[in-house]
J.: 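Before anything else, here's the structure in question.
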Amino acid sequence: MLFHFPTHALEAFSFPEGAHTTRFEAVDATDNIWGFCLSTRLTGAHPKPVLLRSSWRRFVEEKGLVPEDRVAFFMERSGEADGMIRRYTVRAQRKVMILMGQDVWVDVEDVPLYGPLN
């Protein structure tokens, strides 16, 4: 199974010249560091970025994610254009309630505080 990435998110990653994959690390809500591998297809008009299963499977299993959950990646930039540093964070989230017609999402590490959605 693949984890699809929106194409516009590719601008947040640097790929080595001529490469269609790049590895990156992201820090989660509990300060654990996770390694991921982002890949684009080699042919076709659109890159169709995906995270390779081998890089995200452990994250999904350890977080206990289910199909209704969501995963969000964030990037912070610091430094000059030449020496720009990119720092990624990752959040695994679960919908815990609907409040005033809006979904309320929390990090899965905090879900036991809220109980099941009814």
Side-chain angles (χ1 to χ4, degrees):
M1 176 168 280
L2 299 174
F3 184 109
H4 296 273
F5 244 62
T7 302
H8 71 271
L10 285 175
E11 65 190 43
F13 299 90
S14 60
F15 285 76
E17 184 68 33
H20 73 98
T21 62
T22 188
R23 295 189 177 279
F24 68 98
E25 291 182 337
V27 179
D28 70 10
T30 58
D31 290 328
N32 288 316
I33 299 172
W34 299 88
F36 297 97
C37 185
L38 181 61
S39 178
T40 60
R41 67 179 173 187
L42 294 171
T43 60
H46 304 286
K48 301 252 184 185
V50 297
L51 284 182
L52 298 182
R53 178 184 176 155
S54 60
S55 72
W56 63 262
R57 183 177 177 193
R58 188 174 139 256
F59 178 81
V60 169
E61 289 174 352
E62 288 199 22
K63 297 293 182 181
L65 299 181
V66 296
E68 295 80 23
D69 294 340
R70 70 180 182 185
V71 175
F73 288 91
F74 303 91
M75 182 192 67
E76 297 175 27
R77 294 181 185 171
S78 62
E80 303 285 324
D82 293 354
M84 182 176 58
I85 297 171
R86 297 174 188 206
R87 182 177 183 269
Y88 301 97
T89 56
V90 59
R91 295 293 182 262
Q93 299 179 326
R94 183 165 293 149
K95 184 169 72 172
V96 293
M97 69 178 77
I98 300 172
L99 181 64
M100 298 181 72
Q102 299 294 316
D103 294 341
V104 176
W105 295 84
V106 299
D107 290 342
V108 295
E109 295 84 1
D110 297 329
V111 169
L113 300 175
Y114 291 88
L117 177 63
N118 290 325

J.: In the hydrophobic clustering (ILVMFWY, side-chain contacts below 4.5 Å, transitive), which residues join Phe74, or is it alone?
T.: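 Reading the cluster by chain and number, Phe74 sits alone, since nothing else belongs.
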J.: What about Phe15 and Leu51, same hydrophobic cluster or not, with Ile/Leu/Val/Met/Phe/Trp/Tyr joined at side-chain heavy-atom distances under 4.5 Å?
T.: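 Same hydrophobic cluster.
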J.: Do Thr22 side-chain atoms and Ser14 backbone N/O form a donor-acceptor pair below 3.5 Å?
T.: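 Yes: the side chain of Thr22 pairs with the backbone of Ser14.
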J.: Can you tell me how far the CZ atom of Phe13 sits from the CZ atom of Arg86, to the nearest 0.5 Å?
T.: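 Those atoms lie 8.5 Å apart.
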J.: Report the distance from atom CZ of Arg94 to atom CG of Leu65, rounding to the nearest 0.5 Å.
T.: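 So the CZ of Arg94 and the CG of Leu65 are separated by 6.5 Å.
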J.: side-chain hydrogen bond (donor to acceptor under 3.5 Å, both in side chains) with Arg87: which residues, sequence neighbours excluded?
T.: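 Partners of Arg87 by the side-chain hydrogen bond (donor to acceptor under 3.5 Å, both in side chains) criterion come out as none, since no residue qualifies.
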J.: Tell me whether Ile33 shares a hydrophobic cluster with Tyr88, the cluster being built from Ile, Leu, Val, Met, Phe, Trp, Tyr side chains joined at under 4.5 Å.
T.: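 Per the 4.5 Å side-chain linkage, Ile33 and Tyr88 are not co-clustered.
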J.: Quick check for you: to the nearest 0.5 Å, what is the distance between Glu68 atom CD and Gln93 atom CD?
T.: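 Interatomic distance, Glu68 CD to Gln93 CD, rounded to 0.5 Å: 15.0 Å.
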J.: Please walk me through it: do Val60 and Val71 pass side chain to side chain contact (heavy atoms under 4.5 Å, CB included)?
T.: CA-CA 9 Å; Val60 169; Val71 175; 5.8 Å; no
J.: Who are the salt bridge (charged side-chain N to carboxylate O under 4.0 Å, His left out) partners of Glu25, not counting sequence neighbours?
T.: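 Residues passing salt bridge (charged side-chain N to carboxylate O under 4.0 Å, His left out) with Glu25: none at all.
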J.: Look up atom CZ in Phe24 and atom CZ in Phe73, then write down how far apart they are to the nearest 0.5 Å.
T.: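 The CZ atom of Phe73 is 4.5 Å from CZ of Phe24, to the nearest 0.5 Å.
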J.: Compare every heavy atom of Met75 with every heavy atom of Ala12, then report the nearest pair and how far apart it is.
T.: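 Shortest heavy-atom contact: O-SD, 3.2 Å.
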J.: Taking atom CZ as the centre, does Arg23 end up with more than 12 heavy-atom neighbours from other residues, nucleotides or ligands that are less than 6.0 angstrom away?
T.: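 Open.
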J.: Of the non-hydrogen atoms in Cys37 and Ser55, which two are nearest, and what is the gap between them?
T.: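 Smallest interatomic distance, heavy atoms only, reads N-OG, 2.9 Å.
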J.: Can you pull out every side-chain hydrogen bond (donor to acceptor under 3.5 Å, both in side chains) where at least one residue sits in residues 27-40? Sequence neighbours excluded, please.
T.: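 For residues 27-40: His20-Ser39, Asp28-Thr30, Asp28-Trp34, Asp28-Lys63, Thr30-Asn32.
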J.: Quick one: list whatever passes side chain to side chain contact (heavy atoms under 4.5 Å, CB included) with Asp103, sequence neighbours left out.
T.: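 By the side chain to side chain contact (heavy atoms under 4.5 Å, CB included) rule, Asp103 matches Lys95, Ile98, Trp105.
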J.: Taking only residues two or more places apart in sequence, or in another chain, which ones meet Arg57 in a salt bridge (charged side-chain N to carboxylate O under 4.0 Å, His left out)?
T.: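 Checked Arg57 against salt bridge (charged side-chain N to carboxylate O under 4.0 Å, His left out); matches are Glu61.
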